[in-house]
Amino acid sequence: MSQLQNNNSYEYVIVGGGMVAGYAVKGIRQEDTDGSILLVSKDADVPYERPALSKKLWLDDEFTEEDIRVGAEDYPNVSFKFNTTVNKIDRENKSIQLGDDSVVYYNKLLLATGGEPITIDGADDNHVIVFRDWSDYRKLRQFSGNNRHVILIGGGYIGSEIAAALAQNDTQVTMVYLENTLGENQFPEEITAEYEGTFKKNGVELISGKKAESYQRDGEQLVVILDNGSQIKGDTIVIGLGVSPRIELAKASGLKLDGDGVEVDEYLQTSDSAIWSAGDIAYYPDKILGYQRIEHVDHARNSGEQVGRNMAGAHEAYTHTPYFYSNIFNISWQAIGTMDPTLPQIFDKRENGTIVYFLKDDQLVGVLVWNVNVDLDDVRNLLANPPADNDQLLGSIKEKA
């Protein structure tokens, strides 16, 4: 790992230290083996596989923290600035100003700033974890087990995965979420019944249809105050309410935005030819689904590696259509495209699970694969080339042996 260069000038500067950044270094090095790289990160750690923090590290004793590093530090001529923010981008002079007011010059810049976790009101407390990074995982490991009580706020991806992980590691778990049924904003009604029931069967206490307004400390315990005035007491609070994209830097520098994303072309290049963007904040043209902004690991890995290659001169369109996935207790699901339970659906019942086709204006726009083993490229091909008659969707995706 090299030290910062004396002239503070780099061929490639990456703002962000998550998975996109790690895979971007890998992509750069596929095309340019020694051009100087600086990675500026708010994190205290090198890039790592974030999904393991709520999945595999809890459930596989042979999988350790050493196994989650992406490996950006293994490449030559890569420098790091940890625990560091970027105040602004000076596009005219191709430089960035860091939190300590020092200036770094770039030839090519990648914005991979990811998302800012959403939180609720309450004073800073060591036992209140807004779950996002490696240090949060380490802390929660210390505060879980031995039948301690963790209150989990949020019923989306991160909240559900951590609740399941804790419940399988000798921890009392209470989940609080705004939805009337767990997963109702993601899954069709008949699937949410199975989903919510699985948590109950595994001993998770569910408090649905309630919003956690704030929290406070009461001696040895923490108290969560709900929107109806009721209270829940526990040893630790984990807030898993999702993230909002960090686009303030891009916005302040005058880059073209679309909604809550940084608009990029098929090469992941922004409106400034010297600046690229990928991962959570990028609003990009998917070859099957049209313009999308996607917050998920498969997109982070693939767009990260491709943007790195393109920064180093590959000039290849990003053609991967990402998928979403999660593993909760004995449930495994994957999805591509739009998963909106308010849309019309066709259910394709299989021996051990279900494939759900989501339709909009009578056109196939999304596929949910629930406890069925399929080749996801078959799902992509179906979305790209749906049958003229939607009745033909039934049985159209073959199961893998």
Side-chain angles (χ1 to χ4, degrees), residues 19-20 23-24 26-27 49 51 55 157 186-188 191 261 263-268 277-310 314-327 331-401:
M19 289 183 59
V20 171
Y23 279 85
K26 179 182 178 182
E49 295 278 356
K55 295 187 184 79
Y157 278 108
Q186 290 176 289
F187 309 125
I191 282 180
E263 187 169 317
V264 296
D265 63 15
E266 65 269 36
Y267 305 104
L268 302 169
S277 187
D280 289 2
I281 68 169
Y283 182 68
Y284 77 99
D286 186 278
K287 66 169 186 170
I288 297 174
L289 306 172
Y291 264 94
Q292 306 276 310
R293 190 184 67 78
I294 290 179
E295 297 171 5
H296 211 271
V297 55
D298 184 46
H299 177 53
R301 290 185 183 119
N302 284 278
S303 69
E305 189 166 337
Q306 188 62 65
V307 80
R309 288 173 54 82
N310 287 349
H315 198 66
E316 298 166 349
Y318 177 54
T319 59
H320 179 71
T321 295
Y323 76 105
F324 302 86
Y325 73 93
S326 191
N327 299 294
I331 292 170
S332 173
W333 65 265
Q334 299 87 33
I336 298 177
T338 301
M339 248 196 326
D340 181 350
T342 67
L343 292 175
Q345 302 135 30
I346 294 175
F347 287 81
D348 190 349
K349 300 283 189 181
R350 302 298 175 94
E351 185 177 351
N352 298 309
T354 305
I355 299 176
V356 184
Y357 306 100
F358 293 87
L359 308 174
K360 185 175 183 180
D361 300 327
D362 219 30
Q363 295 289 313
L364 180 68
V365 294
V367 179
L368 168 64
V369 181
W370 188 268
N371 275 346
V372 183
N373 188 17
V374 305
D375 186 332
L376 289 175
D377 280 338
D378 290 345
V379 178
R380 293 184 179 97
N381 290 336
L382 185 66
L383 282 160
N385 304 287
D389 182 353
N390 286 326
D391 289 341
Q392 294 176 11
L393 290 169
L394 293 171
S396 59
I397 297 175
K398 306 303 178 193
E399 292 186 51
K400 291 204 293 190

Looking at residues at least two apart in the chain, or sitting in another chain, which of them share a side chain to side chain donor-acceptor pair (under 3.5 Å) with D340?
T342
Would you please name every residue forming a side chain to side chain donor-acceptor pair (under 3.5 Å) with K349, sequence neighbours left out?
E190
If I compare all heavy atoms of [X] with all of [Y], which pair ends up nearest, and what's the gap?
X    : Y    : answer
G279 : S303 : N-OG, 3.2 Å
P387 : L382 : CD-CD1, 3.9 Å
P322 : Y284 : CD-OH, 3.2 Å
L343 : Q345 : O-NE2, 2.9 Å
P188 : F347 : CB-CZ, 3.5 Å

How about H296 and Y325: are their ring centres within less than 6.0 Å of each other?
yes
Could you tell me if the ring centre of H299 sits under 6.0 Å from that of Y318?
yes
Is it true that a side-chain atom of D378 and a backbone atom of I397 form a donor plus acceptor pair closer than 3.5 Å?
no
Would you compute the distance between atom [atom1] of [X] and atom [atom2] of [Y] and round it to the nearest 0.5 angstrom?
X    : Y    : atom1 : atom2 : result
T321 : L376 : OG1   : CG    : 11.5 Å
S277 : D265 : OG    : CG    : 11.5 Å
R350 : N352 : CZ    : CG    : 11.0 Å
K398 : S396 : NZ    : OG    : 7.5 Å
I288 : H320 : CD1   : NE2   : 9.5 Å

Atom CD of Q392: over 12 foreign heavy atoms under 6.0 Å
yes
Full working for side chain to side chain contact (heavy atoms under 4.5 Å, CB included) between W333 and Q186:
CA-CA 12 Å; W333 65 265; Q186 290 176 289; 4.0 Å; yes
Please identify each residue that fulfils side chain to side chain contact (heavy atoms under 4.5 Å, CB included) with E316, with sequence neighbours left out.
Q306, R309, N310, A314
Residue set satisfying side chain to side chain contact (heavy atoms under 4.5 Å, CB included) with E295, at least two apart, ordered chain then number -> V243, P245, D280, R293
Review item, side-chain donor-acceptor pairs of residues 354-364, under 3.5 Å, at least two apart:
from : atom 1 : to   : atom 2 : distance (Å)
Y357 : OH     : D348 : OD2    : 3.0
Y357 : OH     : L393 : O      : 3.1
D362 : OD1    : N390 : ND2    : 3.3

Ignoring hydrogens and angles, write down the donor-acceptor pairs under 3.5 Å from the side chains of residues 366-373, residues two or more places apart or on other chains.
from : atom 1 : to   : atom 2 : distance (Å)
W370 : NE1    : E194 : OE1    : 3.2
W370 : NE1    : E194 : OE2    : 3.4
N371 : OD1    : S332 : N      : 2.8

